[in-house]
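The next block holds one structure in the form of structure tokens; read it before the comments.
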Amino acid sequence: MNRVKSNVLDIRTPEGIVFSLQLAGPVTRFLAWGIDFAATMVLVLMLTYAISFFAIFGAFLLFVGDWLAAFYAVAVFAINTGYNILLEWLWRGQTLGKRLLRLSVMDAQGLRLRFDQIVIRNLLRAADMLPALYLVGGIACLISRRSQRLGDFAANTVVVRTPKVLTPNLDQILAGKYNSFRDYPHIEARLRQHISPEEARIALQALVRRDALEPQARVELFSEIAAHFRNLAKFPEEATYAITDEQYVRNVVDAVFRSQKAASEKSPR
């Protein structure tokens, strides 16, 4: 169940946990698009130089020139469309512009973002851009309760802000707890590479709010989160033997935020 209030999207899980996400407004999204537009123009410019080089030789063979022109048109379309699709898939809902402005595309129900959703929302950019400079898409964002453009409506996606995750007070959560993952720093490093800031924040909130959950809901929630993290990096059996799913999540949170805390303490003041 989702609820929108004051530009904030509340996502309630079946276990009763509520995650609040700040929706990105049209202005911030337009700025992110501007950065992405500049990036695609650089790629198109590189393509133009390459085509111009081959066109010199194609001028002697007319049919070669025709093929180059057709290839150029297709390649420009592929760059403009494929850039967003590829990066949003590889970077979990982010392009270069979204990453710089800390925005992210996600499923409107809080589910895992699917590839077909990414394709749909990007193919409909042509409609959102009409008549120019995303006028249709901007108006749709202004009147939509969840700041969605037409592509977001069709793909059931939203764009949210992803604020920088601050280092929490780990002593309140992990005091006196042994972390068996610390014996495998190379696997911890691999785990940190695959965990997004949003996933780390969700795991942290689950630990902070664990005492407010019903026992059965608490077990199911941590089982689901732990299963997700197990797919990101596999620790040897001796590191996970006889620990609960909640302890597994606690170890992961410790591994992620401990490195951030250490880095902040070493940085010059």
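Small disclaimer: the values here were computed from a predicted structure and weren't measured. Quick note: residue numbers are just sequence positions, from 1.
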Checklist entry - Given the rule in the salt bridge (charged side-chain N to carboxylate O under 4.0 Å, His left out) test, do Arg125 and Glu88 qualify, once you have shown the distances and angles that lead to the verdict? => result CA-CA 14 Å; Arg125 284 184 184 276; Glu88 286 184 2; 3.7 Å; yes

Next on the checklist: salt bridge (charged side-chain N to carboxylate O under 4.0 Å, His left out) for Asp152 and Arg146? Distances and angles first, verdict last.
Outcome noted: CA-CA 10 Å; Asp152 290 317; Arg146 296 188 290 188; over 6 Å; no

State whether a side-chain donor-acceptor pair under 3.5 Å links [X] with [Y].
X	Y	value
Arg250	Gln247	yes
Tyr241	Ser180	no
Gln117	Asp107	yes
His194	Glu199	no

Determine, for [X] against [Y], whether the closest basic-nitrogen to carboxylate-oxygen distance falls under 4.0 angstrom.
X	Y	value
Arg182	Glu188	no
Arg218	Glu214	no
Arg230	Asp245	yes

Checking the side chain of [X] only, and the main-chain atoms of [Y] only, is there a donor and an acceptor separated by less than 3.5 Å?
X	Y	result
Thr162	Arg102	yes
Thr40	Phe37	yes
Arg192	Ala255	yes

Checklist entry - Heavy atoms, side chains only, cut-off 4.5 Å: are Pro26 and Leu142 in contact? => result yes

Item to check | Side-chain heavy atoms of Phe229 within contact of Leu232, under 4.5 Å | outcome: yes

Next on the checklist: Tell me the closest heavy-atom pair linking Val105 and Leu113, and the distance in Å.
Outcome noted: O-CD2, 3.7 Å

Checklist entry - Can you name the closest pair of heavy atoms from Ala39 and Leu96 and give their distance? => result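 Answer, listing the atom of Ala39 first, then Leu96: CB-CD2, 4.3 Å.
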
Next on the checklist: Using the rule given for ring pair (Phe, Tyr, Trp, His ring centres under 6.0 Å), can you reason through Phe235 versus Phe181, listing the C-alpha separation, both sets of side-chain angles and the distance that settles it, and then say yes or no?
Outcome noted: CA-CA 8 Å; Phe235 285 89; Phe181 294 176; 3.9 Å; yes

